[in-house]
Amino acid sequence: MSSSSSLELNKIVGAVLVAGIVAMVCGTLAGMLVKPHHAEHEAVAAGEGGGGAAKPAGPAPIEPVSGLLANADPAKGQEVAKKCLTCHTFGKGEPAKVGPNLYGIVGNKHGHMEGFSYSTAISSIDKPWGYEEINHFITNPRAYAPGTKMSFAGLPKVEDRANVIAYLRTLSDNPVPLPTQDEIDAANKAYEDAKAAAAAPPPSSSSAAPVASTTQEAAAPADDSAQVVGMIASADPAKGQDIAKKCAVCHSFGNGEKAKVGPNLYGIVGNMHAHMEGFSYSDAMKNTPGTWDYAALAHYLLNPKAAIPGNKMAFAGLKKPEDRAAVIAYLRTLSDNPVPLP
Ligand code: HEC
Ligand code: HEC
């Protein structure tokens, strides 16, 4: 008995082991197959809707244009794009107006026009203007790039956007290819995911906040800069001074005072980035063009690391819009000649 039953036992143990190994291998394989996919969707989703800006009150997921472009009508797009002509030129080599020249914009980098003074909201986005990026931007410029200088309400109709983007694509010596089927599928999937996420009750308020902070999109998480700018005029500088005690560990505020760990902040509002002569700024701060206008400050003080990746201000940020508005109202007073309120 013992020999045959131990043989049976061996078989069973063997079978269980094999099953275990098969399961492990399958699991690993499945993981390998699924993971990159997952990451991809997350990346796309993070790119969606300007970094998940405020799901609760949030803008609806944006319908993708990728699948519409092949049949879109550039001539109609040119017609719609007359709305852009107030601020943009489209011809090769034409000068900027209020906005940059847009020849060759599709596939180009954010802030592509040499010499144009972009907001940091745009210039700090480190990726190309793909079809869906342009789509999101022209649907709702401020949601895509909070703090952008493009004051344009957006084009709500997806057909209009597809036509305009099809037109923009023709503005090139060498138009970039239309989206591939894979790209179309990915864009549609991202849209479906975003819709599903929007339909589901928010799991917790934190989900709308800077979840994406590990990605480049961190520049835009739940950004309420526009709201903050709107609050500055009625904010209390005295309160701001109180909150700014947190900054005083590293910053001095008086006219002509010396730098500490951070630069002196007298006259910072409206000044350029890295304004203090002789202070040893990070390359990130020196090389990020722009001025500390209200929107830039509101954006930076929300999450300094995300706003200007690589800058050396080790400060977590002021999450409450009221706090930022008050601090900025206080900073504004630190000047011989305070800049006008927003
Ligand atoms: C009221 C003026 C105004 C209107 C109207 C306007 N724009 Fe803009 N646009 C701007 C400004 C200003 C910028 C620079 C934004 C910044 O630096 O934040 C800009 C930037 C852009 C950019 C990014 C360019 C780059 O180099 O990164 C694109 C793309 C763009 N606009 C497309 C459009 C399209 C398409 C329309 C019409 C549907 C339009 N804009 C309408 C003012 C405008
Ligand atoms: C732990 C130290 C620290 C704290 C706290 C801190 N900062 Fe900073 N801050 C810095 C450093 C360092 C820099 C320079 C960053 C660089 O060069 O990358 C800086 C830069 C800045 C700049 C850009 C200045 C310029 O010339 O471009 C502003 C604006 C600013 N801080 C505002 C604030 C405010 C407002 C607070 C409080 C709410 C604050 N900081 C808290 C260390 C700090």
Side-chain angles (χ1 to χ4, degrees), residues 77 80-88 90 96-106 108-114 116-125 128-129 133-135 137-139 141-142 144-155 160-161 163-165 167-168 171 240 243-251 253 259-269 271-277 279-292 295-297 300-302 304-305 307-318 323-324 326-328 330-331 334:
V80 178
K82 285 188 179 150
K83 295 189 184 176
C84 326
L85 283 175
T86 334
C87 305
H88 291 287
F90 292 115
K97 294 188 184 172
V98 174
N101 172 266
L102 291 181
Y103 188 85
I105 190 68
V106 179
N108 215 319
K109 62 180 183 185
H110 284 65
H112 82 294
M113 189 185 188
E114 208 66 54
F116 183 80
S117 130
Y118 289 94
S119 67
T120 44
I122 288 294
S123 63
S124 64
I125 298 179
W129 281 114
E133 280 79 12
I134 298 180
N135 179 35
F137 185 52
I138 67 177
T139 304
R142 282 167 199 251
Y144 176 86
T148 177
K149 301 202 285 193
M150 173 151 137
S151 42
F152 176 67
L155 297 172
D160 285 352
R161 298 196 304 269
N163 289 334
V164 165
I165 294 169
Y167 167 61
L168 292 177
L171 305 175
I243 298 166
K245 285 183 186 153
K246 295 187 186 177
C247 328
V249 197
C250 303
H251 291 287
F253 293 111
K260 297 187 185 173
V261 174
N264 171 267
L265 291 181
Y266 187 85
I268 191 66
V269 179
N271 217 319
M272 62 187 181
H273 285 167
H275 81 293
M276 190 186 187
E277 208 67 54
F279 183 81
S280 132
Y281 288 96
S282 65
D283 287 345
M285 185 61 80
K286 279 186 299 203
N287 298 338
T288 303
T291 47
W292 290 116
L297 283 167
Y300 181 60
L301 295 176
L302 169 64
K305 299 248 146 159
I308 302 186
N311 92 92
K312 58 178 187 177
M313 170 153 134
F315 178 68
L318 297 170
D323 287 356
R324 267 176 294 147
V327 166
I328 295 167
Y330 167 60
L331 292 177
L334 306 174

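Both counts, for ligands and for their atoms, begin at 1 and track the order of listing.
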Would [X] count as a polar contact of ligand 1, with the cut-off being nitrogen or oxygen pairs under 3.5 Å?
| X | result |
| --- | --- |
| S117 | no |
| K149 | yes |
| T86 | no |

Should the proximity of [X] to ligand 2, defined as any heavy atom under 4.0 Å, be assigned to the side chain, the backbone, both, or neither?
| X | result |
| --- | --- |
| K286 | neither |
| N271 | neither |
| C247 | both |
| V249 | neither |

Is it the side chain (CB and beyond), the backbone, both or neither of Y118 that lies under 4.0 Å from ligand 1, heavy atoms counted?
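Both the backbone and the side chain of Y118 come within reach of ligand 1.
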Looking at [atom], what's its closest protein heavy atom, distance included?
| atom | result |
| --- | --- |
| atom 29 (C) of ligand 1 | I105 CG1, 3.9 Å |
| atom 32 (C) of ligand 1 | L102 CD1, 3.6 Å |
| atom 13 (C) of ligand 1 | P100 CD, 3.5 Å |
| atom 18 (O) of ligand 1 | S119 OG, 2.4 Å |
| atom 15 (C) of ligand 1 | T148 OG1, 3.4 Å |
| atom 22 (C) of ligand 1 | F137 CE2, 3.5 Å |
| atom 7 (N) of ligand 1 | H88 NE2, 2.7 Å |
| atom 12 (C) of ligand 2 | V261 O, 3.4 Å |

Checking side-chain polar atoms at under 3.5 Å, does T148 have a donor or acceptor matched by the opposite partner on R142?
no
Under 3.5 Å, is there a donor-acceptor pair between the K149 and S117 side chains?
yes
Ignoring hydrogens, just give me the one of A121, C84, C87 whose non-hydrogen atom is nearest atom 43 (C) of ligand 1.
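Answer by nearest heavy atom: C87.
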Best match, Y144, W129, Y167: closest heavy atom to atom 23 (C) of ligand 1:
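Nearest heavy atom to atom 23 (C) of ligand 1 lies in W129.
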Examine all N, O or S atoms of C250, backbone included, and report whether one is under 2.8 Å from atom 8 (Fe) of ligand 2.
no
Within the structure, is a non-hydrogen atom of I134 found at a distance of less than 4.0 Å from ligand 1?
no
Just to check, does G111 reach to within less than 4.0 Å of ligand 1 when the distance is taken from its heavy atoms?
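Per 4.0 Å heavy-atom rule, G111 contacts ligand 1.
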